[in-house]
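Written below as structure tokens is the structure these notes are about.
The chains referred to below are lettered A, B, ... by the order of the sequence lines, with proteins before strands, and numbering in each begins at 1. For clarity, every value in this text was computed on a predicted model and none was experimentally measured.
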There are 2 protein chains.
Amino acid sequence: MSESAPRPTLEAVAARAGVSRATVSRVVNGSDGVREPLAERVRRAVDELGYVPNQAARSLVTRRHDAVAVIVAEPETRVFADPFFARQLRGISKELTAHDNQLVLLLTEDRDDHARVARYLAGGHVDGALVFSLHVDDPLPGLIQRAGLPTVFGGRPHWNGGEDGVRYVDTDNRGGARDAVRHLLGLGRRRIAHITGALDQTSAVDRLDGFRDVMADPDPALVEEGDFTAASGERAMRALLARRPDLDAVFAGNDLMAAGALRALREHGRRVPDDVAVVGFDDMLPIAEQTEPPLTTVRQDIEEMGRLMARLLLRDLDRGTAPAESDGTGPSGVVLPVTLVRRDSA
Amino acid sequence: MSESAPRPTLEAVAARAGVSRATVSRVVNGSDGVREPLAERVRRAVDELGYVPNQAARSLVTRRHDAVAVIVAEPETRVFADPFFARQLRGISKELTAHDNQLVLLLTEDRDDHARVARYLAGGHVDGALVFSLHVDDPLPGLIQRAGLPTVFGGRPHWNGGEDGVRYVDTDNRGGARDAVRHLLGLGRRRIAHITGALDQTSAVDRLDGFRDVMADPDPALVEEGDFTAASGERAMRALLARRPDLDAVFAGNDLMAAGALRALREHGRRVPDDVAVVGFDDMLPIAEQTEPPLTTVRQDIEEMGRLMARLLLRDLDRGTAPAESDGTGPSGVVLPVTLVRRDSA
DNA sequence: TTGAAAGCGCTAACAA
DNA sequence: TTGTTAGCGCTTTCAA
């Protein structure tokens, strides 16, 4: 640091206003019980000195940090391929800053990262955590639980149905999948295939379940597993075409895979939607609108999901409620609605 | 918080190991000067108690936070439309965590946000700042300067050429643009148009300059301003076609605009690359590879850019150097190389 | 309503 | 090499 003037302390403000530190603290923190003429004097001193409270000192005594960790566990794949992530972050950021909380971002990739994250959470830097993109074998939830931090998950956790007070926000994946398939049926399609997402994520499983809800007893040859990437969609589509060249529709687990499927279909000379109708999921604009033809897809409000996660967490924090005690104090799982957006692919 | 056991303090560890607090502190912080048998005893006590230092207490005395603010100033547009942002963040995150620093993310949109950010930076929560996506009229740099925080900018700041010790990392936008246009010339194209990015950002200006470097004295009718979005690319392409129906190539300021241009060209029945060759910029995979045809484009290593920004900042922090004093202590502007990636569009 | 004073958990002189 | 001690800047009883 350079020789810039040292930041003014409470002490300095108190001296200038001719009051005690305690009084300044009260004014700064908005607790009433300071009479008007005095309070005004303090406020002026604060302005004149450009006083900003030292957060470290404050945290030391309050044990609050007004900061929330956002943990994104996604090795390479999806997060960085589509704008999903940025959207969610923005929703979270808006809600947090509206409540004067900071967003500490923790990106994890390797196993090594987990130790680091665990240490960080245990270090008491943040008041709570928001967690994304869990896979079935992820050790993260355990680590977080041990740190005893209030937590809200993005997406239904796989280890339970949300009945034990674990907080999460999810999209209506199953309902959206049903809508998509029903739409295809309404178009007169009967041999409808499904390209699933990575089945170690609940979103992919739920979408598959929705597909099965409507298709009753689908030919197993009409289901192919992907992993949410465009490449996997392309590969899956080829496999499906090889097995069931007579298929007349595809419901892809997300838009990226739908885009891949479109390529495979084009390569095989199938016209979309004439020969094969295609529906995606997510409605990621830069993808869904740019494909040829533009995608009919299931829209979810990603930003709202982020906002809601933050809101739920902040509510718990205000209550001073630890995760284990939160039963009955509010919904533990919130599911956001989706809507089918019709474009040209189906 | 629930009645979870209070976290052990230095004091507790000291008691258990039968030493003083100072000794424990030394061991924990890895300063030598503690003899082996003792050090080992301390380490065991730390493990047994699961001791993790209280960061607030530490910061209070060290005035270090081991945290860096990442400020992204982008109202709506680009950041959330392409995966640029996520990539850069990942690069930053990797470098920061490798040096045990935390990433505090500040997303700004409105003017209101600036006050908040200023307050936050002044509050002394972070040791430095990384700043992105500045536009010419942005008040942010001033606010940051006033907070006296070491800062590294992503992209060349518009207010100077980098001669006064302002640290930044940029892509070789001008050189990349030259490569793109030369490539088109090499293909025998002569009536080459350019769709610019938002000209209140230096990256867009530099790319335009590169275009002009090679085209010498281009027909003004061959240049149209966009804003880095796909929609603007589409619109710009239409305008160009209307003015110069004889054009035989387009260099778009980024891939998203190139994708938009492709749509406009298709709509007008122009074949790519036969009738019109198209080159983009960025090489954002999910876009550049998915277009029809796949894009020839200028690749920049976004993740490396993020990593480098973090590295530069950390170096300044280690030196305890404030931005104003940093002249001559290292490069103030670093420019990363680009490479032309050939696909099918040119 | 205001002030005095104790202490949050840690580091860093300084002494031993 | 190890321990003692004085704060870092703030909030929060408790007394006045």
- Task: Sequence neighbours left out, what passes side-chain hydrogen bond (donor to acceptor under 3.5 Å, both in side chains) with A:Arg16? Give chain and number order.
- Result: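 Scan of A:Arg16 (side-chain hydrogen bond (donor to acceptor under 3.5 Å, both in side chains), adjacent residues dropped) gives A:Glu48.
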Of all heavy-atom pairs between [X] and [Y], which one has the smallest distance, and what is that distance?
X: A:Arg21; Y: A:Ala14; value: N-CB, 3.8 Å
X: A:Ala56; Y: B:Leu60; value: CB-N, 4.0 Å
X: B:Leu106; Y: B:Ala69; value: CD1-CB, 4.1 Å
X: A:Asp170; Y: A:Gly155; value: OD1-CA, 3.6 Å
X: A:Pro150; Y: A:Asp127; value: CD-O, 3.4 Å

Decide yes or no for [X] and [Y]: does some side-chain heavy atom of the first lie under 4.5 Å from some side-chain heavy atom of the second?
X: B:Val24; Y: B:Val19; result: yes
X: A:Val169; Y: A:Leu312; result: yes
X: B:Val131; Y: B:Pro141; result: no
X: B:Arg307; Y: B:Arg90; result: no
X: A:Leu10; Y: A:Asn54; result: no

Residues in contact with DNA chain D, drawn from [range] - heavy-atom cutoff 4.0 Å:
range: residues 10-34 of chain A; result: A:Leu10, A:Arg21, A:Ala22, A:Ser25, A:Arg26, A:Asn29
range: residues 117-124 of chain A; result: none
range: residues 49-57 of chain B; result: none

- Distance col, row A:Leu143:CG vs A:Leu149:CG, nearest 0.5 angstrom, shows 11.5 Å
- Item | Five-pair end axes of the helix from C:dT1-D:dA16 to C:dA16-D:dT1 and the angle they enclose, rounded to 10° | 40°
- Message: For B:Asp32, I'd like to know if atom CG has over 12 heavy atoms of other residues, nucleotides or ligands within 6.0 Å.
- Response: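 Count not over threshold, so no.
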- Nucleotide D:dT1, atom P - distance to CZ of B:Arg35 in whole Å: 6 Å
- Starting at CZ of A:Arg64 and ending at C1' of D:dC10, how long is that distance when rounded to a whole Å?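 That distance rounds to 16 Å.
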- Message: Applying the ring-ring contact (aromatic ring centres under 6.0 Å, His included) criterion to B:Tyr120, which one of B:His65, B:His125, B:His114 satisfies it?
- Response: B:His125
- Decide yes or no on side chain to side chain donor-acceptor pair (under 3.5 Å) for B:Asn29 and B:Arg58, but give the supporting numbers first. CA-CA 11 Å; B:Asn29 293 303; B:Arg58 177 181 278 171; 2.9 Å; yes
- Task: On DNA chain C, reading 5' to 3', which nucleotide is the first and which the last to sit with an atom under 4.0 Å from a heavy atom of chain B, could you check?
- Result: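 Range of nucleotides touched by chain B: C:dG9 to C:dA13.
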- Earlier contact from the 5' end, DNA chain D, for B:Leu38 and B:Arg63: B:Leu38
